[in-house]
Amino acid sequence: MKTFRIGGVHPAENKLSAAEPIKVAELPKVAVFPMGQHIGAPAVPCVQKGDKVKVGTRIANPMEKALSTCIYSSVSGTVQKIDTIIDASGYAKPAVFITVEGDEWEESIDRSDKLVTLKDKPELTPEDIINKVKEAGIVGMGGACFPTHVKLMPPPQFKPEWVIINAVECEPYLTADHRLMLEKADEVLVGVDLLMMAAKVKKGYIGIEENKPDAIKLLSEKCKAQYPNIEVVPLKTKYPQGGEKQLIDAVVRRQVPAPPALPVSVGAIIQNVGTAYAVYEAVMKNKPLFERVVTVTGKQLSKPSNFLTRMGTPMSQLIEACGGLPDGDCKVIGGGPMMGKALLNTEVPICKGSSGVLIMSGKEARRGEPQPCIRCAKCVSACPMGLEPYLLATASGKKMWDKVEGEDITSCIECGSCQFTCPSNRPLLDLIRMGKQTVMGNIRARQMAAKK
Amino acid sequence: MANILNVSLSPHVHSGDSVQKNMYWVVAALVPALLCSFISFGVGAIITTAISVAACVLTEWVINKFMLKNPKCTVCDGSAILTGILLAFNMPSNIAPWIVVIGAIFAIGVVKMTFGGLGCNLFNPALAGRAFLLISFPVDMTTWPNPGQGLFTLVDNSVDGATGATPLALMKAAFKTGDPKMLEQLPSLQDMLLGNTGGCLGEVCAAALILGLIILLVKKVITWHIPVSIILTVVVFSGLLNLANPQAYANPLVEVLSGGLLLGAVFMATDYVTSPMCAKGQIVYGIAIGALTVIIRTYGAYPEGMSFAILIMNAFTPLINSKFKPKRFGEVPAKK
């Protein structure tokens with residue numbers, strides 16, 4: 001069984017909602033759309049207070065001459081205000097608030113269930129697809145939220161060889177991608193086909209961890225029958241296999257060099273399953289990205305579920321639909337337990353990158369008391385980037401910035417495997433993050449100085 | 001909102017591993033060897049171990065509470081207990097209790113706490129304690145009771161036939177004098193495997209130590225790199241010497257099963273704090289310990305070389321850590 005070659009850990013999987021079919025979440029009363037829900041510059045609102053919008057109306061344009069993308073309304077109603085809201089990152093961001101009135105969709109969107117394949121639209125060119133993806137505001141839906149159209153147009157010196165679909169879902173608890181593959185397998189495969197055509201590659205891989213045997217079986221059969229150039233690759237369950245670099249290593253045995261190298265430097269374009277589905281809907285159904293599958297889960301919830309959710313829905317509404325927050329103190333996490341962000345309040349809206357909402361009791365989430373480092377080297381064996389977390393953390397704590405830069409701190413992918421594994425409960429990743437950010441700042445400052 | 005939300009950075013889950021768990025698994029892995037020692041040397045083995053553990057724990061507690069005035073209980077992490085057991089394992093089973101106590105005070109008080117306590121010591125406390133005692137009390141530390149004198153008898157060294165030589169001392173004497181008859185007194189390999197031979201209380205039963213190694217590997221307390229590289233190096237190095245001149249150099253199997261080699265390779269060299277951090281470094285460290293052990297055993301003044309070899313390499317660990325780094329992801333361009 002294939003997997004990535006360096007490090008890794010195996011947290012308890014806790015896929016509580018794996019058998020729960022995707023339910024359609026109720027419409028919110030007010031939908032909120034933060035303008036910065038992708039990597040790059042925030043979008044610029046193109047509606048004003050009092051404007052009427054429909055489902056699928058564009059409410060923000062990409063910022064010009066920057067890495068950015070557009071945002072669509074997921075509801076019909078009236079623009080209530082343009083204000084700020086605290087999003088999953090914990091910072092207040094500008095956002096468009098829309099009061100929901102009814103559910104009226106733009107006429108251009110094809111709402112039928114009929115599957116449309118490339119055979120039905122032979123006139124599509126790669127440029128058409130990329131354009132549609134760009135216009136639909138699609139970003140990487142695994143959580144990184146990198147604008148998809150940019151990934152599909154690599155710099156000319158690189159030649160992509162494969163599209164690799166990230167269907168690993170290595171974060172414990174999350175099941176959104178798993179359910180999507182089971183329930184929308186045909187659509188996902190057409191999406192993969194479209195991505196391969198757009199990237200002008202001949203071969204596609206879908207990497208799925210072996211803890212989802214039903215998805216592996218279903219997609220393998222469909223690929224064999226209809227898509228001979230797409231191969232399903234079962235992978236040994238190991239975290240962080242969903243990391244872009246780890247997935248490439250696992251599937252095609254190539255290691256992307258340290259930054260600034262990109263995955264496409266070794267010939268791979270990685271896209272999430274959810275992204276493939278969004279690409280299908282955008283290109284074949286003319287439907288921009290305004291809803292996604294979200295897992296709402298946690299051991300304290302009475303019914304962990306998977307919801308097809310309109311963007312802008314507050315997380316509190318989804319939590320209520322699953323039985324509500326448990327009594328006592330708890331932790332609400334946007335994303336999975338390894339890399340997700342603890343939220344300041346539950347009014348945070350679902351955005352393009354929200355794969356899950358996880359509720360943990362205060363007891364479950366409490367960190368152990370830190371003890372001295374016993375130099376057991378378990379963090380070194382766990383690090384999937386081949387770094388020495390104990391050293392990076394200690395030196396960062398002592399503000400030895402040049403030392404940690406020399407020890408390749410910028411290669412850290414912040415997966416948390418070191419801190420997860422540390423028997424002394426040391427806050428390794430907290431310290432490494434601080435060191436990494438400082439070093440990246442130092443590097444940028446040197447580059448600026450060199451330009452002058 | 002009635003609920004209080006906790007906020008912290010990711011990761012939000014933990015493996016559940018802890019310092020205590022690792023320490024107590026090592027203690028558990030030492031239990032078979034202690035039982036074998038009880039069978040070989042009687043109740044003296046248990047008493048010496050108990051005194052050593054008590055002295056180590058008490059020393060750490062006193063220093064922590066009254067000298068460092070640290071309100072946290074550092075004894076609870078289990079490392080002092082482990083040091084106590086390992087120190088006892090490196091002594092004859094019927095050694096005078098006051099010598100054990102001096103060894104424990106030196107091991108914990110000087111080698112561990114002076115450097116900052118758990119995680120900060122440069123040398124393995126138990127081994128440094130043993131080396132200190134070996135130099136200070138050479139006769140007491142090398143008077144070995146013979147095995148099989150009854151489970152509940154306390155061995156009296158003045159009784160004729162109560163003590164004897166260790167296999168390593170026998171070999172050293174035999175090769176020095178060139179008298180092949182002395183080699184005939186060597187215990188059989190089977191006796192060495194089961195602990196039916198003279199020696200330190202924890203080192204004699206090779207089978208129990210190998211069982212301990214398996215426990216540590218299965219529970220993922222240690223990785224294979226250090227023990228395997230030490231044992232293989234000793235087998236290869238002493239095997240080559242033996243092939244070159246069987247009259248002057250011992251059989252590699254005897255080398256591996258005798259003395260503190262297995263105890264050192266499995267439990268002492270793998271001490272987290274004093275061994276290198278990455279796999280490459282650990283293998284270099286293991287090879288160096290194996291080679292030094294054979295050199296000291298063959299050419300040195302002492303019959304036993306394991307503890308000095310490990311202490312020497314402890315001193316090199318920081319250097320090994322700075323020279324040997326794990327392979328970074330993407331460092332070597334993949335094959336096309």
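Computed over heavy atoms, backbone and side chain alike; hydrogens, waters and symmetry mates excluded. Note on naming: letters A, B, ... go to the chains in the order of the sequence lines (proteins, then strands), and numbering restarts at 1 for each one.
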With a 4.5 angstrom heavy-atom cut-off, which part of [X] approaches chain B: side chain, backbone, both or neither?
X: K245(A); value: both
X: C376(A); value: both
X: F4(A); value: neither
X: I333(A); value: side chain
X: M360(A); value: side chain
X: Q371(A); value: side chain
X: E369(A); value: side chain
X: L344(A); value: both
X: S411(A); value: neither
X: P427(A); value: neither
X: L387(A); value: both

Is the closest side-chain donor-acceptor distance between [X] and [Y] under 3.5 Å?
X: K15(A); Y: T295(A); result: no
X: T74(B); Y: E60(B); result: yes
X: R433(A); Y: S10(B); result: yes

Report task. Say whether, by atom type as modelled, one donor and one acceptor occur between the side chain of K2(A) and the main chain of V251(A) under 3.5 angstrom. Result ->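 Side chain of K2(A) to backbone of V251(A): a pair is present.
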Query raised in the report: So, does T114(B) use its side chain to make a donor-acceptor pair with the main chain of G109(B) at under 3.5 Å?
Result: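 Present.
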Quick check on the interface: out of [options], who has the most heavy-atom pairs with chain B under 4.5 Å?
options: K378(A), M339(A), Q246(A), E364(A); value: K378(A)
options: A258(A), C422(A), A12(A), G7(A); value: C422(A)
options: P172(A), P11(A), G340(A); value: G340(A)
options: A377(A), S424(A), P337(A); value: P337(A)
options: S381(A), C373(A), A365(A); value: C373(A)

Report task. Side-chain contact test, heavy atoms from C-beta onward, threshold under 4.5 Å: evaluate it for V9(A) versus S15(B) and give yes or no. Result ->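 Side-chain contact under 4.5 Å: no.
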So, [X] and [Y], do they make that salt bridge, N to O below 4.0 Å?
X: E388(A); Y: R328(B); value: yes
X: R366(A); Y: D329(A); value: yes
X: K325(B); Y: E407(A); value: yes

Query - Heavy-atom closest pair, residues S316(A) and E347(A) - result: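 Minimum heavy-atom separation between S316(A) and E347(A): OG-OE2, 3.0 Å.
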Query raised in the report: Taking all non-hydrogen atoms of both residues, which atom of I222(B) and which atom of L213(B) are closest, and how far apart?
Result: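 Nearest heavy atoms, I222(B) then L213(B): CD1-CD1, 4.1 Å.
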Query raised in the report: Checking heavy atoms, do the side chain of K21(B), its backbone, both or neither come under 4.5 Å from chain A?
Result: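 K21(B) has no heavy atom closer than 4.5 Å to chain A.
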